[in-house]
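What you see below is based on every heavy atom in this structure, not just the backbone, and it leaves out hydrogens, waters and symmetry mates. This one's a predicted model, so the numbers in the text were calculated from it and none came from an experiment.
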Amino acid sequence: IPRERTMAPSAGAPHDLAASPRMRSSLPVWALLLSVTVVGLGYGALQILGRQAGSTAPERRTRLAGDELVARPQMGTNHAVAIVAPLADVWPWLTQMGWHLGGYYTPEWVDRLFPKNWSSLAHLDPALLRNLRVGDIIPDGAPGTAWYVVVEVEPPHVLVLRSTTHLPPGWGEKYGARIDWTWSFRLAELPGGRIRLQSRVRGRTEPWWLTATYLATIVPADSVLAVG
């Protein structure tokens, strides 16, 4: 009677699953939790910076021109900075703001992300300086896309811009999307030849998912404008 032969598994042959070691995660649980915590803290920091970088608690409580234009805002940011320069030298920088004008003085690396917007100016251009009046338009994109309207101006101390246009084309008709927001600037003189520039954004959007997207993305991104 021939003996039963036992064949040894050939190289590369799959092992019996029952005898195979269990698959183990290449990333320890503690490392995964640490990564999630670091990301969460970083995002939380961007949310805080996007909402209030540079501003003080009293400044955030102070009423600014234009606050009454957006009732019950769902979102708001407050930023401030001290500038060593005379008031008369700072105000013109606000008057030349705009798309394909002076820009918005964002960092150069941000401007490179949007080449169609051109780089923000690092100097005053006499050809772009404006004597802003209520009703003037400040473009924020190609013609017919997005713009601000000057709703209040008191040179060289107060400038309030308002927009209902900052939506992707067709979203109003297709999704019922709406936006109404103000961007207010106040300049005040400080001792020692300095000025305090405070800016505030207040806005309402609908539907709810547009508001959630704005809060989750635009508010943290605003920290770039605040701290560069």
Side-chain angles (χ1 to χ4, degrees), residues 22-64 66-67 70-84 93-94 97 103-117 119-120 122 140-141 146 148 161 163 166-168 171 175 177-188 190 194-228:
R22 293 183 178 180
M23 296 294 293
R24 295 182 178 179
S25 171
S26 60
L27 186 65
V29 174
W30 67 265
L32 179 61
L33 292 176
L34 179 60
S35 300
V36 172
T37 300
V38 170
V39 170
L41 290 174
Y43 180 75
L46 288 177
Q47 279 283 348
I48 294 173
L49 289 173
R51 294 171 186 270
Q52 60 186 47
S55 64
T56 65
E59 285 174 330
R60 294 191 290 273
R61 291 193 297 266
T62 299
R63 180 192 175 281
L64 294 187
D67 281 357
V70 178
R72 305 187 313 280
Q74 300 157 310
M75 62 206 72
T77 65
N78 287 271
H79 303 304
V81 63
I83 303 174
V84 182
W93 289 86
L94 298 183
M97 290 193 308
Y104 295 98
Y105 315 122
T106 46
E108 185 177 352
W109 68 266
V110 174
D111 291 334
R112 286 198 295 267
L113 297 176
F114 307 96
K116 291 184 179 180
N117 291 0
S119 297
S120 297
D140 196 25
Y148 299 100
L161 310 178
S163 173
H166 281 70
L167 291 171
W171 277 32
Y175 302 113
R178 299 287 184 273
I179 186 169
D180 184 8
W181 65 301
T182 55
W183 193 7
S184 178
F185 300 87
R186 182 177 70 170
L187 289 80
L190 299 176
R194 300 176 300 148
I195 66 103
R196 185 71 169 172
L197 171 60
Q198 185 178 358
S199 70
R200 174 177 296 167
V201 168
R202 288 163 59 93
R204 285 192 64 83
T205 57
E206 57 181 56
W208 68 269
W209 52 263
L210 180 60
T211 304
T213 301
Y214 186 103
L215 293 174
T217 60
I218 304 302
V219 170
D222 201 44
S223 63
V224 175
L225 297 177
V227 300

Passing candidate, side chain to side chain donor-acceptor pair (under 3.5 Å) with N78, options R60, R202, R200: R200

W181: partners by ring-ring contact (aromatic ring centres under 6.0 Å, His included), with sequence neighbours left out: Y148, H166

Side-chain heavy-atom pair T62, R186 within 4.5 angstrom cut-off: yes

Spacing of S119 atom OG and Y105 atom OH [to the nearest 0.5 Å]: 13.0 Å

Closest heavy-atom pair and its distance - A71, R204: O-CD, 2.9 Å

Minimum heavy-atom distance L167-A177, with the two atoms named: CD1-O, 3.5 Å

Side-chain atoms of residues 206-215: list all donor-acceptor pairs with protein atoms under 3.5 Å, sequence neighbours left out, distances to 0.1 Å.
from: T211; atom 1: OG1; to: T205; atom 2: O; distance (Å): 3.0
from: T211; atom 1: OG1; to: T205; atom 2: OG1; distance (Å): 2.6
from: T213; atom 1: OG1; to: W209; atom 2: O; distance (Å): 2.8

Distance (rounded to the nearest 0.5 Å) between S55 OG and R196 CZ: 8.0 Å

Least distance between heavy atoms, L64 atom then S184 atom: CB-OG, 4.0 Å

N117 and Y104 side chains, donor-acceptor separation under 3.5 Å: no

Closest non-hydrogen atom pair between L187 and I195, with its separation: CD2-CD1, 4.1 Å

From W183 atom CH2 to T77 atom OG1, the distance as rounded to the nearest 0.5 Å: 9.0 Å

CE on M97 to CG on L161, rounded to 0.5 Å: 5.5 Å

